[in-house]
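Below: one structure, written as structure tokens.
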Amino acid sequence: MAAGSTPRGQDGPDDRDTLAAALQERSRQLDARLRETRCLFEVSASLGDYGLSCAQAAQVVAVCLPMAFERPEIVQIRVALDDGHAGDDMPATGWHLSQRVERDGVPVGRIDLACIDPDTALPCAHPPDPGLLHALARELSRWFERRTAADLLRRSEVRLRSAQRAAGLGSWWADVAADRMLPCERACEMFGIPVGSVLDLDGAIALMAPRDKGRLRRHWKSALRDGLLDIEVRLDGAPPERWLHLNAEMVRDAAGRTVEVNGIVRDTSERKREEERLRLSARIFVSASESIVVTDPHNRIVATNVAFTRTSGYEAREVLGRNPAMLDAGRLNPVFYMHMWAALREEDTFQGEFWNRAKDGRIYPLLQTITVLRDAEGEITHYVGIGADQSRLRQAEARTDYLSNHDALTDLPNRQAIGARLRQWIGARSAAQVPSVQAGVLVLGLDGFKSINDSMGHAAGDAVLTEMAARLRPLIDQGLFVGRLGGDEFVVLLERTGRDHCVAVVRQVLGTLSAPLLVEGHELTLTVSAGISLFPGDGEASDVLLRNAESALNGAKDDGRNTWRFYDPQMNQASLERLILVSALRRGVASGELRAWYQPKLDLQTREVVGAEALVRWKHPDQGWIQPARFIPVAEQSDLITVIGEWMLREVAAQIAHWHGQGHGWLPVAVNLGARHFGEPSLPALLRQLRAEHGLPPNVLELEITESTLMEAGSAPAQLLSELRRAGVTLAIDDFGTGYSSLSYLKQLPVDVLKIDRSFVSSIERDGRDLSIAGTIIALAHGLGLKVVAEGVETEGQRALLERQGCDQGQGWLFARPMPAAEFDLWRQVWGTPQLT
């Protein structure tokens, strides 16, 4: 089979092909036997007339013998008997079969046979089996021997029975008037009844399968009327199913009434089974999902199935007689076909991937198996190509490859593709020996992105990331490479760049990304930080450049966010130290190294202790006390801030209950809440649990939330704060005045306390503007019904100014520094116990 033949499955020749070939061969053999039997039967029947002359007998054989061949037109026969002959002249050259006819051992004639190819006028390559000539010669010999009238009837009957058995036939006779049927010996065997049995009509019909009884009775009645019976029926009995073919002629009297029936019966079970297998093979051929193409030995298409039409677009009539090369898309080189033909010659099979062109011009791949079919002499009769269209598989592979290199959410190249692009660029620069050409790696991170996920849900977070990707995508049209590293981080690769160009691009990108965006009906404004590394100065490997750019991004976030930083080698040291600190802090939380210290809050009018703020402290086993300024930012960048916050809530709740048990009343204590902890869905339930566990009344536990944390939460803080208030806690806004400080925003929040940031308090004695700001905050809070607490009160002058402005409470070193709970107890005894209830 040539290029373009349709492939099959991947496991070699299919069992269906083997079955089809076997059925085909079996059917051919059966047909050959039937033809030979028919020929022999016709000769035997014709030679039953002993009044024939030798020339007529020769003519019988010459006429009947071609019936035994599948192609009678290629047969040349000459029969000679004594003084008579019939048939053709034999070819002068080439082979021919010859068989003597003898009578009593004396030659009386001869049968010659040759097969000539009409296309070439040459003898066929192989002679047929000479057995039939032997049988015919014996029939002629018997004809000579039995020409006497005395032997006519007996020898005719013997010959008929012999011919019937050879042809698989049995005879039967019926007397209609007497309702008697007499089967011969062979017929009794076929009917499955004892030899010599006599049947009536009902008895004969009873032998048949139930579904054929009524049909046989109707055909019998029609035959009595029309004169012929021709029906196939099944015998009753256990599997395998047995079929009989009944033929009969009706003998009528002078009045036209049927008086006798002469019939024959043939067992057609094997033929029916072969036909069923052939029909099954044909159905399989037609309905197979694989494309099938069958060609003749000259590689001309002789058959196709429905799947071939579905795959190629060609109907069978459009390709019959054509070479499968018509389908070739021209993508395979001649060596491929050399291997294909070599494999077919040596192994009778070949499997490979072909590229075909469909009728509509589409090119598609097929995984095809070609099998050679041979006849009994080993000559090639057909090539069968069975194959599966690989288009969907290739598309799936391409899609899988695409997905493995692209982010599923934003459709931008992912970390793997970013690394590959960097390696490709670096490799090209190295191959061209131009290492001095710079490339820039920009890693962009969205500031406060986690708070969007925590407060508004991941769907909102995905919408933000998708919008940010859309805003970055125009950079691709400018020749830049844009990808997503993961999370809220994106990458922009700048080829042939420098520091100034990088800065210009970063400013453009940060401005684009920081523009307000609408998410779920809410307008959000996000800032973006960026880290930049340059090739080759900051690294000559893709992973190093990416790692250093991410390190620079962390530096930009540490410097206050909404900015960019170039990579500095010291950043890696800082990152390592931060990593070590995180590991140590995680271990410290688990091993109980954290402590809760307390700083009192005083009423600025009465000087009474009205509450306290709980502050976390960490005592490292080797380094001693570690400043909160070192470990709190690290904790806020990881999940540790939530763990620490929960630990503080449990510790403070237990301490409040302990002080109450000692008779000191219910002292309100505030706990700072990190941004990650604020959005934790389980927080309200935890607060209710702690209040119930320790018997805390409402509002003795206070949560301090920074203004920036509320702003990062977008539109959700009012709902979150309401849930926390329903849990029975007091809510305070910490560091007020350092963020947006929006009155319209503040009045929507269900809070109880405002805390003036220490940055305003520290300078109110020398800066009138800070004093005015503090006074404005106090007036604003009182107008909203909120209490005001001033942080960082360190001098009596600051206290006096705040008192005159109407500030309610203050905390700071003027009164006391943060201290452990035991020291706090002693300090309270010295300061004086307030009248608390």
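We count residues from 1, following the sequence as given.
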Exercise: identify the closest heavy-atom pair between M181 and A204: SD-CB, 4.0 Å

- request: Indicate yes or no: does E241 engage K272 in a salt bridge with an N to O separation below 4.0 Å.
  value: no

message: Within a 6.0 Å radius of atom NE2 on H85, are there more than 12 heavy atoms belonging to other residues, nucleotides or ligands?
response: no

message: With heavy-atom distances below 4.5 Å as the criterion, would you say the side chains of Y383 and V372 are in contact?
response: yes

- request: Verify whether the ring centers belonging to Y337 and F350 lie closer than 6.0 Å.
  value: no

- prompt: Taking the side chain from D179 and the backbone from L201, do they hold a donor-acceptor pair closer than 3.5 Å?
  reply: yes

task: Ignoring hydrogens and angles, tell me if any N or O in the side chain of S46 forms a donor-acceptor pair with the backbone of E42 under 3.5 Å.
output: yes

- prompt: Does any N or O in the side chain of N323 come within less than 3.5 Å of the main-chain N or O of M326, such that one atom is a donor and the other an acceptor?
  reply: no

message: As an exercise, state the distance from CG of L229 to CD1 of I264, rounded to the nearest 0.5 Å.
response: 10.5 Å

task: Compare all side-chain heavy atoms of V61 with those of I77 and state whether any distance is below 4.5 angstrom.
output: no

- prompt: Going by heavy atoms in the side chains, are T295 and R300 under 4.5 Å from each other?
  reply: no

- request: Identify the two heavy atoms, one from G196 and one from C188, that lie closest to each other, and give their separation to 0.1 Å.
  value: N-SG, 3.8 Å

message: Show, in sequence, the C-alpha distance, side-chain angles and deciding distance for Y314 and I301, and conclude whether the side chain to side chain contact (heavy atoms under 4.5 Å, CB included) test is met.
response: CA-CA 12 Å; Y314 286 101; I301 297 175; over 6 Å; no

- request: Report the C-alpha distance between Q76 and D112 in whole Å, list the side-chain angles of each, state the deciding distance to 0.1 Å, and finish with yes or no for side chain to side chain contact (heavy atoms under 4.5 Å, CB included).
  value: CA-CA 8 Å; Q76 293 189 3; D112 292 299; over 6 Å; no

task: Decide yes or no for L207 and L199: does some side-chain heavy atom of the first lie under 4.5 Å from some side-chain heavy atom of the second?
output: yes

- request: Report the distance from atom CZ of R357 to atom CG of L327, rounding to the nearest 0.5 Å.
  value: 10.5 Å

- request: Rounded to the nearest 0.5 Å, what's the gap from CG on L40 to CZ on R33? Could you check?
  value: 14.5 Å

query: Ignoring hydrogens and geometry, is there a side-chain-to-backbone donor-acceptor pair from T268 to R271 under 3.5 Å?
result: no

message: I'd like to check the salt bridge (Lys or Arg N to Asp or Glu O under 4.0 Å) partners of E260; sequence neighbours left out, ordered by chain and number.
response: none

query: Taking C-beta and beyond as the side chain, do S312 and Y364 meet within less than 4.5 Å on heavy atoms?
result: yes

field: Test salt bridge (Lys or Arg N to Asp or Glu O under 4.0 Å) applied to R277 - qualifying residues, sequence neighbours left out
entry: E270, E274

message: For S44 and E139, which I'm curious about, is there any donor-acceptor pair between the side chains at under 3.5 Å?
response: yes

Counterpart residues, side-chain hydrogen bond (donor to acceptor under 3.5 Å, both in side chains), relative to R234 (two or more places apart): D212

message: With heavy-atom distances below 4.5 Å as the criterion, would you say the side chains of F308 and V319 are in contact?
response: yes

field: Pairwise side-chain contact, I111 with L140, heavy-atom cut-off 4.5 Å (strictly under)
entry: yes

message: Once salt bridge (Lys or Arg N to Asp or Glu O under 4.0 Å) is applied, do any residues pair with R180, and if so which ones, sequence neighbours excluded?
response: none

task: Determine whether more than 12 heavy atoms belonging to other residues, nucleotides or ligands lie under 6.0 Å from atom CD of E249.
output: no

message: Does atom CZ (R100) have a neighbourhood of more than 12 heavy atoms from anything else shown, all under 6.0 Å?
response: no

field: Minimum heavy-atom distance C39-C64, with the two atoms named
entry: SG-O, 3.2 Å

Let me have the donor-acceptor pairs involving side chains of residues 218-227, under 3.5 Å, with sequence neighbours excluded, atom names and distances please.
from, atom 1, to, atom 2, distance (Å)
R218, NH1, G214, O, 3.4
S222, OG, R218, O, 3.2

task: Could you check V259 against V176 for side chain to side chain contact (heavy atoms under 4.5 Å, CB included), going step by step and ending with a plain yes or no?
output: CA-CA 5 Å; V259 293; V176 176; 5.7 Å; no

- request: Give the minimum heavy-atom separation between M208 and F191, together with the two atoms involved.
  value: CE-CE2, 4.1 Å

field: Heavy-atom side-chain contact between M190 and W172 under 4.5 Å
entry: no

- line: Taken to the nearest 0.5 Å, the spacing of E318 CD from T304 OG1 works out to 10.0 Å

- request: Drop me the distance from I380's CD1 to L373's CG, to the nearest 0.5 angstrom.
  value: 9.5 Å

statement: Taken to the nearest 0.5 Å, the spacing of I205 CD1 from K213 NZ works out to 9.5 Å

Minimal non-hydrogen separation, A329 against N356, with atom names: CB-C, 3.8 Å

message: According to side-chain hydrogen bond (donor to acceptor under 3.5 Å, both in side chains), who are the partners of D202, at least two apart in sequence or on a separate chain?
response: R217

message: Restricting to non-hydrogen atoms, name the atom on L65 and the atom on L132 that form the minimum distance, rounded to 0.1 Å.
response: CD1-CD2, 3.6 Å

query: Does E189 pair with R186 as a salt bridge, N-O distance under 4.0 Å?
result: yes

